[in-house]
S.K.: 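Could you have a look at this structure, given as structure tokens, before my questions?
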Amino acid sequence: MPIDFMPVREAALSPVISAATVKPYHKRLRALLEAERVHEMMSRAAYEMEREVPGEILAVADRIWFGEKKPIQTAREAWRHLEDELERWEKELEAERSDLARSILGIGPGDIVTSQSRGRLSRLSVIGTSLIGPALKMPRR
């Protein structure tokens, strides 16, 4: 895109984010890490249960052992509902990662970020932000 058409807001992006920059967001980062840990645990449990016993076997066992009550089928349907909730939760976690990244970095979609590497200036248009992998590791106090 020609520079004349680029938005006015321009921000320099440091290759390293300091502990002082992250400190005001420490509690929020901890909460995000904990929510991600719980989400991972629940996701693993839900998907393991789905693979453990085929639905046909559960349906027969339910009918033979419990008749009309079908508690196993009811439990499986509850797990399916939980899987839907986990997918919604994943979207919420990604939105929080994005919002937190915007807060920490001070940039957002539509901004132009400048960075210098090996003496060359690069200008990039921000289309999204997120925290992933090592970015979510909390610094020790």
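The figures that follow rest on heavy atoms only: side chains count, while hydrogens, waters and symmetry mates do not.
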S.K.: Taking atom CG of Leu100 and atom CG of Leu93, what is their separation to the nearest 0.5 Å?
M.R.: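 The CG atom of Leu100 sits 11.5 Å away from the CG atom of Leu93.
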
S.K.: So, using side-chain contact (heavy atoms from CB on, under 4.5 Å) as the criterion, who are the partners of Glu92 when residues are at least two apart?
M.R.: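 Glu92 satisfies side-chain contact (heavy atoms from CB on, under 4.5 Å) with Arg88 once adjacent residues are dropped.
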
S.K.: Please report the closest heavy-atom contact between Ile104 and Thr21, naming both atoms and the distance.
M.R.: O-CG2, 3.7 Å

S.K.: Please round to the nearest 0.5 Å and tell me the distance separating atom CD of Glu87 and atom CG of Leu82.
M.R.: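 If we round to the nearest 0.5 Å, Glu87:CD and Leu82:CG are 10.5 Å apart.
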
S.K.: Kindly check if the number of other-residue, nucleotide or ligand heavy atoms within 6.0 Å of CG (Leu121) is above 12?
M.R.: yes

S.K.: Would you call Asp99 and Arg28 a salt bridge, using N to O less than 4.0 angstrom?
M.R.: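 Between Arg28 and Asp99 there is a salt bridge, with a charged N closer than 4.0 Å to a carboxylate O.
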
S.K.: Would Glu96 and Lys91 pass as an ion pair if we require N to O under 4.0 Å?
M.R.: no

S.K.: Are any non-hydrogen side-chain atoms of Pro109 and Arg102 less than 4.5 angstrom apart?
M.R.: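 Of all side-chain heavy-atom pairs linking Arg102 with Pro109, at least one is under 4.5 Å.
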
S.K.: When you look at Val38 and Glu34, which way does the side-chain contact (heavy atoms from CB on, under 4.5 Å) test go after all the steps?
M.R.: CA-CA 6 Å; Val38 171; Glu34 183 63 18; 3.9 Å; yes

S.K.: Checking Arg44 against Glu40 for the salt bridge (charged side-chain N to carboxylate O under 4.0 Å, His left out) test, could you report, in this order, the C-alpha distance in whole Å, the side-chain angles of both residues, the deciding distance, and whether it holds?
M.R.: CA-CA 6 Å; Arg44 228 181 275 134; Glu40 180 65 27; 3.2 Å; yes

S.K.: Ser130 and Ser98: side-chain hydrogen bond (donor to acceptor under 3.5 Å, both in side chains), yes or no, with the steps?
M.R.: CA-CA 4 Å; Ser130 188; Ser98 178; over 6 Å; no

S.K.: What's the spacing between Leu29 CG and Lys23 NZ if we round to 0.5 Å?
M.R.: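 Here the interatomic distance stands at 13.5 Å.
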
S.K.: If I take atom CE from residue Met41 and atom CD from residue Glu36, how far apart are they, to the nearest 0.5 angstrom?
M.R.: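 Met41 CE to Glu36 CD: 13.5 Å, rounded to 0.5 Å.
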
S.K.: Flag the pair Leu33 / Arg37 as yes when at least one side-chain heavy-atom distance between them is below 4.5 Å, and no otherwise.
M.R.: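 No - every pair of side-chain heavy atoms lies 4.5 Å or more apart.
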
S.K.: Any side-chain heavy-atom pair from Ile112 and Val126 closer than 4.5 angstrom?
M.R.: no

S.K.: What pair of heavy atoms forms the shortest contact from Thr129 to Ile107, and how long is it?
M.R.: CG2-O, 4.2 Å

S.K.: Please round to the nearest 0.5 Å and tell me the distance separating atom CG of Asp111 and atom CG of Leu124.
M.R.: 12.0 Å

S.K.: What distance do Arg123 atom CZ and Ser115 atom OG have between them, rounded to the nearest 0.5 Å?
M.R.: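 With rounding to 0.5 Å, CZ (Arg123) is 12.5 Å from OG (Ser115).
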
S.K.: Which residues pass the ring pair (Phe, Tyr, Trp, His ring centres under 6.0 Å) test with His39, not counting sequence neighbours?
M.R.: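 Here the qualifying residues are Trp89.
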
